[in-house]
Chemist: 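Encoded as structure tokens, here's the structure I'll be asking about.
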Amino acid sequence: MSSGYSSLEEDSEDFFFTARTSFFRRAPQGKLRTGQQDVEKEKETHNYLSKEEIKEKVHKYNLAVTDKLKMTLNSNGIYTGFIKVQMELCKPSQAAGKPAPSSNGCMNTLHISSTNTVGEVIEALLKKFLVTESPTKFALYKRCHREDQVYACKLSDREHPLYLRLVAGPRTDTLSFVLREHEIGEWEAFSLPELQNFLRILDKEEDEQLQNLKERYAAYRHKLEEALSQAWKPG
């Protein structure tokens, strides 16, 4: 399918592109630290789903689809399908050499595999819109709607968005994905070598300040001792 995918929603502009087949295929590792027990439960389920269970879930998912964006299950147990990602960026995208296509606020439809991770989805979105900033400055969020309340949690780079979509079903009012600029601290934007260099500079400055302080107090002590010796001299 081409990149000119037409919108299926009246209020949003959709862009369609397929995740590269060169994406690394790796099993989920570690735990998703979101503070949400349901996310942990879903991840544990992901680790133990059999091919038959996946087949059943894909079948039920496709029965509930209303926009023709169905999932396809391959014989090896890997399935492909679609996710929609809302772009919520605080500032205009930066592109090399030319203006980047407008992406903020639009809904993007991606065709991905169950093996594609959150990190790979972020990289694909940034590449699509010619964003040159590091993927580490962005995060993919899972937005859940329950009992008239909305819960948003940041996903781990190792999470698999298509699995989350499969478990939740096709309705975006139940589960949706949002790409935002990562809420990072002042120092988290720097690389590890840069941070290590900063530490070396701080250590050097600390040593210099301590040495200067010791010299000042030594000189002050010397003057006090001289004054005391003069005061106790017999007249």
Chemist: To the nearest 0.5 Å, tell me how far Thr72 OG1 sits from His111 NE2.
Modeler: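 Answer rounded to 0.5 Å: 6.0 Å.
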Chemist: Walk me through it: do Phe82 and Asp67 pass the test side-chain contact (heavy atoms from CB on, under 4.5 Å)?
Modeler: CA-CA 11 Å; Phe82 300 84; Asp67 55 9; over 6 Å; no
Chemist: Does Glu56 pair with Lys60 as a salt bridge, N-O distance under 4.0 Å?
Modeler: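 Looking at Glu56 and Lys60, the cut-off is met.
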Chemist: Measure the spacing between CD1 of Ile83 and OG of Ser176 and express it to the nearest 0.5 Å.
Modeler: 11.0 Å
Chemist: Of all the heavy-atom pairs spanning Val121 and Pro161, show the shortest one and how long it is.
Modeler: CG2-CG, 4.0 Å
Chemist: Please report the closest heavy-atom contact between Ile112 and Leu162, naming both atoms and the distance.
Modeler: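 Smallest interatomic distance, heavy atoms only, reads O-CD2, 3.6 Å.
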Chemist: With Glu226 as reference, evaluate Lys223, His222, Gln230 under the side chain to side chain donor-acceptor pair (under 3.5 Å) test and give the passing residue.
Modeler: His222
Chemist: Out of curiosity, Tyr151 OH to Cys144 SG, how far, rounded to the nearest 0.5 Å?
Modeler: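 Interatomic distance, Tyr151 OH to Cys144 SG, rounded to 0.5 Å: 9.5 Å.
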Chemist: Would you sort out whether Lys204 and Arg200 count as a side-chain contact (heavy atoms from CB on, under 4.5 Å), showing the intermediate values?
Modeler: CA-CA 6 Å; Lys204 182 179 179 181; Arg200 285 193 291 269; over 6 Å; no
Chemist: Are Leu73 and His59 close enough that some pair of their side-chain heavy atoms sits under 4.5 Å apart?
Modeler: no
Chemist: Please determine whether side-chain contact (heavy atoms from CB on, under 4.5 Å) holds for the pair Glu159 and Leu164, giving the CA-CA distance in whole Å, both sets of side-chain angles, and the decisive distance to 0.1 Å.
Modeler: CA-CA 9 Å; Glu159 264 298 310; Leu164 299 177; 3.8 Å; yes
Chemist: So, does Ser50 use its side chain to make a donor-acceptor pair with the main chain of Glu53 at under 3.5 Å?
Modeler: yes
Chemist: With the side chain counted from C-beta on, respond yes when Thr117 and Asp157 share a heavy-atom pair under 4.5 Å apart, and no when they do not.
Modeler: no
Chemist: Which heavy atom of Ala139 sits nearest to which heavy atom of Lys154, and what is that distance?
Modeler: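 That closest heavy-atom pairing would be CB-CD, 3.5 Å.
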Chemist: Hey, mind stepping through Arg143 and Val150 against side-chain contact (heavy atoms from CB on, under 4.5 Å) and telling me if it holds?
Modeler: CA-CA 7 Å; Arg143 182 183 288 163; Val150 179; 3.4 Å; yes
Chemist: What are the two closest non-hydrogen atoms of Met71 and Tyr79, and how far apart are they?
Modeler: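 Heavy atoms of Met71 and Tyr79 come nearest at SD-CD1, 4.0 Å.
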Chemist: Mark yes or no for whether Asn116, through its side chain, and Ser113, through its backbone, hold a donor-acceptor pair below 3.5 Å.
Modeler: yes
Chemist: Enter the distance from Gln209:CD to Gln211:CD here, rounded to the nearest 0.5 Å.
Modeler: 11.0 Å
Chemist: Is any side-chain heavy atom of Phe129 less than 4.5 Å from a side-chain heavy atom of Met87?
Modeler: yes
Chemist: Looking at every heavy atom in both Glu120 and Thr115, which two are closest together, and how far apart are they?
Modeler: OE1-O, 4.0 Å
Chemist: Measuring from Glu205:CD to Asp203:CG, what's the distance to the nearest 0.5 Å?
Modeler: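 The CG atom of Asp203 is 10.0 Å from CD of Glu205, to the nearest 0.5 Å.
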Chemist: How does the hydrophobic cluster around Tyr220 look, that is, which other residues are in it when side-chain heavy atoms under 4.5 Å mark a link?
Modeler: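 ILVMFWY cluster around Tyr220 also holds Leu224.
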Chemist: Side chains of Lys128 and Leu110: closer than 4.5 Å at any heavy-atom pair?
Modeler: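 A side-chain contact is absent here, since even the closest heavy-atom pair is not under 4.5 Å.
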Chemist: Output all residues satisfying side chain to side chain donor-acceptor pair (under 3.5 Å) with Thr174, sequence neighbours left out; order by chain, then residue number.
Modeler: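 Partners of Thr174 under the side chain to side chain donor-acceptor pair (under 3.5 Å) test: none.
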Chemist: Could you report the tightest heavy-atom contact between Pro135 and Glu123, atom names first, then the distance?
Modeler: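 The answer is CG-CG, 3.9 Å.
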Chemist: Do any N or O atoms from the side chain of Asn197 and from the backbone of Pro193 form a donor-acceptor pair under 3.5 angstrom?
Modeler: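 It does not hold such a pair.
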Chemist: Measure the spacing between CG of Leu175 and CZ of Arg165 and express it to the nearest 0.5 Å.
Modeler: 4.5 Å
